[in-house]
Asks: 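There's a structure below that I have some questions on.
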Amino acid sequence: MPKQKLRRFGEIKELDFVLEYPYSVLEREDFPYKGKWREDFFQTPHPLVLELGCGGGEYTVALAEREPMANFVGVDRKGDRIWRGAKEVQEKRLRNVAFLRTDINIIDRFFEKEEVDALWITFPDPMMKKSRRRLISSYYFEKYRRFLKQEAMIRLKTDSPFLYQYTLDLLEVNSISPRYATNDLYNSPQEIQEAAIPDVRTRYEQQWLERGMSIKFIAFSLPLSDVPFKEPPKEPPRDDYRSLCRGSQKYQEEVAKKIRGEKE
Ligand SMILES: C[S@@+](CC[C@H](N)C(=O)[O-])C[C@H]1O[C@@H](n2cnc3c(N)ncnc32)[C@H](O)[C@@H]1O
């Protein structure tokens with residue numbers, strides 16, 4: 001493993017607001033703050049907001065700074081990405097932030113029924129080949145509703161036309177009306193931009209914007225009934241580019257150029 005990654009892993013292990021819980025640990029012991037995030041971890045009664053696939057946790061940190069009367073947990077499995085946000089939290093001495101390093105596949109082991117007030121899902125990998133691995137999918141919706149409050153808002157930001165259309169189809173087939181949906185956030189009415197907190201941009205978002213791409217945004221709530229979620233009958237056409245998580249800089253530039261060309 002590269003030295004820098006190792007150093008970062010070591011550093012975040014020292015921070016008491018970065019919690020590391022892989023599946024192997026949860027097989028041996030229960031997560032101690034499940035149902036007790038407010039009382040035992042944050043020691044405040046404030047609302048609890050999660051950012052899933054947070055990377056460097058740009059939303060987690062920015063929102064925590066603006067909203068001291070809420071608590072924020074950034075979740076990602078990659079420790080070196082979390083490290084960036086964690087260093088900022090340490091420097092700014094924010095007391096209302098935690099990072100949870102784990103696989104979101106087991107997210108429902110960390111939060112109790114109706115414990116979470118809102119979710120942000122920022123630039124998830126579209127996972128075009130495997131719907132079960134999409135952080136937005138019927139599979140993950142089942143997990144999220146095990147801990148979301150009634151009317152809890154889920155906010156998705158994505159660069160992917162595929163994921164945007166898939167999410168609209170997924171909502172429709174499950175009779176969920178989105179509160180907001182736009183395929184071009186920064187050219188949308190003010191009210192929609194405000195709902196997405198326009199001056200907070202994640203690292204991936206910034207990179208896509210610099211390449212002239214439009215950002216898509218959907219906000220909605222899940223019904224908390226027992227009716228199983230359905231998948232849409234068919235998938236939208238796949239994007240001809242991959243997430244910025246993958247591919248070299250050169251590849252990304254070429255693809256963005258192509259997409260811009262297609263738009264013009
Ligand atoms: C494309 S990156 C976006 C990062 C950040 N939200 C941003 O916009 O800059 C997707 C992130 O989701 C994380 N991720 C994807 N699937 C995950 C899973 N099942 N469990 C935990 N993290 C996951 C990845 O590690 C990665 O950091």
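Order of appearance sets the numbers: ligands from 1, and atoms from 1 within every ligand.
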Asks: Is the shortest distance from a heavy atom of T102 to ligand 1 less than 4.0 Å?
Replies: yes
Asks: Taking both backbone and side-chain atoms of N105, is any N or O found less than 3.5 Å from an N or O belonging to ligand 1?
Replies: no
Asks: Check each atom of ligand 1 against the heavy atoms of F123 and keep those under 4.0 Å away; list them by number with element.
Replies: 1 (C), 2 (S), 3 (C), 8 (O), 10 (C)
Asks: Ignoring hydrogens and geometry beyond distance, is a side-chain donor-acceptor pair present between S188 and Q193 at under 3.5 Å?
Replies: no
Asks: Would you mind telling me which of K157, R81, R84 makes a salt bridge (charged side-chain N to carboxylate O under 4.0 Å, His left out) with E58?
Replies: R84
Asks: Between V75, D125, D76, flag the one that comes closest to atom 13 (C) of ligand 1 by a heavy atom.
Replies: D76
Asks: Would one find an N or O of Y204, backbone or side chain, under 3.5 Å from an N or O of ligand 1?
Replies: yes
Asks: Which of these, R101, K157, R81, K78, has its nearest heavy atom closest to atom 26 (C) of ligand 1?
Replies: R81
Asks: Does a donor on one side chain sit under 3.5 Å from an acceptor on the other, for Q43 and E39?
Replies: no
Asks: Can you list the ligand 1 atoms lying under 4.0 Å from a non-hydrogen atom of C54?
Replies: 5 (C), 6 (N)
Asks: List ligand 1 atoms under 4.0 Å from T202, heavy atoms only on the residue side.
Replies: 7 (C), 8 (O), 9 (O)
Asks: By the ring pair (Phe, Tyr, Trp, His ring centres under 6.0 Å) test, which pairs, at least two apart or in different chains, include something from residues 71-118?
Replies: F31-F110, W37-F111, F111-F147
Asks: Looking just at side-chain N and O atoms, do T122 and E205 make a donor-acceptor pair shorter than 3.5 Å?
Replies: no
Asks: Report yes or no: do Y23 and L19 belong to one cluster of Ile/Leu/Val/Met/Phe/Trp/Tyr joined by side chain heavy-atom distances under 4.5 Å?
Replies: yes
Asks: Is it the case that ligand 1 has an N or O less than 3.5 angstrom from some N or O of E51?
Replies: no
Asks: Given G57, G53, G74, which one has a non-hydrogen atom that is nearest to atom 12 (O) of ligand 1?
Replies: G53
Asks: Applying salt bridge (Lys or Arg N to Asp or Glu O under 4.0 Å) to D199 and R66, what does each step give before you reach the verdict?
Replies: CA-CA 12 Å; D199 51 333; R66 281 159 196 236; 2.7 Å; yes
Asks: What atoms of ligand 1 come within less than 4.0 Å of a heavy atom belonging to D103?
Replies: 18 (C), 19 (N), 20 (N)
